[in-house]
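All residue numbers refer to positions in the sequence shown, counting from 1.
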Amino acid sequence: MQSSSSSASTPAAASGLVFDLGSAAGVPETHAWPGVNEYPSVESAGRDVVPVVDMGVACPDATRALARAADEWGVFLLVGHGVPREVAARAEEQVARLFVLPAPDKARAGRRPGEPTATGYGRPPLALRFSKLMWSEGYTFRAATVREEFRRVWPDGGDDYLRFWCMRAPSDVMEEYDREMRALGGRLLDLFFMALGLTDVQFATGETERRIRETWTATMHPILYPRCPEPERAIGLTAHTDSGFITLIMQSPVPGLQLLRRGPDRWVTVPAPPGALIVMLGDLFQVLTNGRFRSPIHRAVVSRERERISVPYFLCPPEDMTVAPLASALLPGRKAVFRAVTWPEYMEVKHKVFGTDAPALEMLQLQVDEEEQGERAATT
């Protein structure tokens with residue numbers, strides 16, 4: 001539903017990107033998704049317990065836990081991560097304030113028509129690929145330019161801008177959050193390399209490993225999932241896999257993220273314990289690890305009683321980096337499963353298979369002999 005208070009001359013209004021879902025009395029057909037309840041939803045329990053990795057324990061124990069979680073799920077709850085609670089709390093507070101701004105203010109930061117990957121406010125980029133609308137709204141900020149992005153919303157804020165934010169500019173808060181999350185990404189990368197069998201010396205001196213750490217790009221994508229009067233008919237974010245390397249997610253203490261598990265197919269709801277972050281692996285990390293660590297299919301559902309905020313922090317390769325299976329990820333006697341690809345090339349592949357049943361990663365798979373195929377099938 002579009003807000004009638006936005007100006008038609010703004011990019012967001014012109015693109016139909018400004019919402020007022022929180023006041024909706026029902027779910028209109030534009031937002032009604034068939035098949036939302038095709039598979040049952042289950043809690044994190046029994047065989048479906050979402051793994052937890054504690055970075056505060058001894059390194060070998062954390063590495064083993066991370067390897068199991070990445071192998072079996074491709075996602076886990078992270079505790080003992082070292083990101084101060086007050087930093088995360090300040091960031092969540094500023095994000096919440098972004099979403100309660102008047103529609104004209106949000107419209108100033110609207111995504112430009114024809115630029116689905118551009119920064120700014122509006123429907124999540126994934127939503128632009130579908131004819132149905134999702135029950136969510138979001139911003140996209142490149143972490144390196146978050147100060148400039150905030151100034152798009154408040155171009156003439158001045159002293160009032162600072163006073164409104166309790167004498168601490170939101171860009172300062174988000175820059176602090178960016179520093180903490182980027183540092184955490186580096187620590188996690190070390191654990192992933194160790195899980196692949198690299199020694200401290202190898203991942204400190206390896207050219208590819210070092211380049212990943214030094215050049216990966218970061219994007220923040222705060223998302224609001226408003227309360228929904230008919231959550232069984234709507235979806236906050238439809239099923240997908242992330243495309244990059246690693247996604248770090250801070251979320252409200254309101255569960256809403258779900259993971260698709262097979263045999264039988266069901267959606268497992270990820271818990272939202274205070275202080276925990278979610279670590280989600282992306283498609284290109286699956287390529288990097290030669291298919292050992294996998295990107296999970298996930299979605300976001302909405303609630304009748306409570307709104308939910310999620311702040312994914314995407315760590316991705318730069319556009320000129322060629323991503324291929326690491327030598328350390330190739331087990332003895334095994335060959336590379338995926339061909340090398342750059343970020344733009346992979347996104348083009350993903351766009352081509354959009355709307356089909358063919359996963360984009362299958363388009364990157366290399367031919368292997370029958371014996372190796374049998375071995376691989378036996379381990380999956």
Side-chain angles (χ1 to χ4, degrees), residues 11 15-17 74-75 110-134 136 138-145 149 185 208 211-221 223 235 237-248 260 280-300 312-326 329 335-368:
S15 305
L17 301 180
V75 64
R111 305 184 201 280
R112 268 51 177 180
E115 297 181 18
T117 61
T119 59
Y121 167 78
R123 285 186 282 162
L126 175 68
L128 301 180
R129 303 177 183 180
F130 295 90
S131 58
K132 291 288 187 178
L133 301 179
M134 301 180 200
S136 56
Y139 288 84
T140 300
F141 298 132
R142 293 188 182 93
T145 59
E149 296 295 341
T208 302
R211 186 166 183 239
I212 291 171
R213 181 197 307 280
E214 293 175 352
T215 64
W216 60 5
T217 62
T219 303
M220 301 183 209
H221 184 53
I223 308 173
I235 194 73
L237 204 59
T238 194
H240 66 286
T241 59
D242 290 351
S243 301
F245 282 153
I246 301 172
T247 308
L248 308 174
L260 183 62
M280 183 92 63
L281 302 186
D283 294 341
L284 291 183
F285 206 75
Q286 183 168 333
V287 171
L288 202 66
T289 62
N290 204 38
R292 177 177 171 183
F293 300 153
R294 305 187 180 192
S295 56
I297 298 174
H298 57 284
R299 69 177 188 176
Y313 183 93
F314 298 100
L315 289 163
C316 303
E319 291 191 355
D320 62 347
M321 174 181 280
T322 299
V323 179
L326 294 168
K335 301 174 184 177
V337 177
F338 300 103
R339 67 175 175 87
V341 66
T342 65
W343 171 262
E345 288 169 347
Y346 180 65
M347 295 310 293
E348 184 177 347
V349 169
K350 205 161 187 177
H351 179 74
K352 285 180 179 179
V353 301
F354 174 74
T356 73
D357 293 329
L361 282 176
E362 287 188 2
M363 307 295 287
L364 304 184
Q365 287 186 338
L366 299 170
Q367 294 295 321
V368 296

Trainee: Short question: side chain of N290, backbone of V337 - any donor-acceptor pair under 3.5 Å?
Mentor: yes
Trainee: I297 and A239: which non-hydrogen atoms are nearest, and at how many Å?
Mentor: CG2-CB, 4.0 Å
Trainee: Quick one, L281 with I246, criterion side chain to side chain contact (heavy atoms under 4.5 Å, CB included). Give me CA distance, side-chain angles, the key distance, then yes/no.
Mentor: CA-CA 5 Å; L281 302 186; I246 301 172; 4.3 Å; yes
Trainee: List for me each residue that meets salt bridge (Lys or Arg N to Asp or Glu O under 4.0 Å) alongside R299, sequence neighbours excluded, and say none if there are none.
Mentor: none
Trainee: Can you name the residues that form a side-chain hydrogen bond (donor to acceptor under 3.5 Å, both in side chains) with T241, not counting sequence neighbours?
Mentor: D283, K350
Trainee: Measure from the side-chain N and O atoms of Q286 to the backbone N and O of G291, and report whether any donor-acceptor pair falls under 3.5 Å.
Mentor: no
Trainee: Please check: side-chain N/O of H221 versus main-chain N/O of T219, any donor-acceptor pairing under 3.5 Å?
Mentor: no
Trainee: When rounded to the nearest 0.5 angstrom, what is the spacing between CG in L315 and CZ in F245?
Mentor: 9.5 Å
Trainee: So, does H298 use its side chain to make a donor-acceptor pair with the main chain of H240 at under 3.5 Å?
Mentor: yes
Trainee: Identify the heavy atoms of C316 and W343 that sit nearest to each other, and give their distance.
Mentor: SG-CH2, 3.7 Å
Trainee: Can you sort out the partners of E319 under salt bridge (Lys or Arg N to Asp or Glu O under 4.0 Å), two or more places apart, ordered by chain and number?
Mentor: none
Trainee: Between F338 and V287, what is the shortest heavy-atom contact and its length?
Mentor: CD1-CA, 3.7 Å
Trainee: Show the numbers, then the answer: is there a side chain to side chain contact (heavy atoms under 4.5 Å, CB included) between L366 and K335?
Mentor: CA-CA 9 Å; L366 299 170; K335 301 174 184 177; over 6 Å; no
Trainee: Side chain to side chain contact (heavy atoms under 4.5 Å, CB included) for V323 and Y346? Distances and angles first, verdict last.
Mentor: CA-CA 10 Å; V323 179; Y346 180 65; over 6 Å; no
Trainee: Can you name the residues that form a salt bridge (Lys or Arg N to Asp or Glu O under 4.0 Å) with D242, not counting sequence neighbours?
Mentor: none
Trainee: Could you tell me which residues satisfy ring-ring contact (aromatic ring centres under 6.0 Å, His included) with F293, sequence neighbours excluded, listed by chain and number?
Mentor: F192
Trainee: Looking at S136 and I223, what are the two nearest heavy atoms and their distance?
Mentor: CB-CG2, 3.9 Å
Trainee: For M321, does the CE atom have more than 12 heavy-atom neighbours from other residues, nucleotides or ligands under 6.0 Å away?
Mentor: yes
Trainee: Assess the residue pair E345 and T342 against the criterion (side chain to side chain contact (heavy atoms under 4.5 Å, CB included)); give the C-alpha distance rounded to whole Å, side-chain angles, the decisive distance to 0.1 Å, and a yes or no.
Mentor: CA-CA 5 Å; E345 288 169 347; T342 65; 3.1 Å; yes
Trainee: State, to 0.1 Å, how close G74 and P296 come at their nearest heavy-atom pair, and which atoms those are.
Mentor: O-CD, 3.4 Å
Trainee: State the CH2-CG distance between W216 and L284, to the nearest 0.5 angstrom.
Mentor: 13.0 Å
Trainee: Among residues at least two apart in sequence or on other chains, which ones pass salt bridge (Lys or Arg N to Asp or Glu O under 4.0 Å) with R339?
Mentor: none
Trainee: Looking only at heavy atoms, which two atoms of P359 and V353 are closest? And how far apart?
Mentor: C-CG2, 4.5 Å
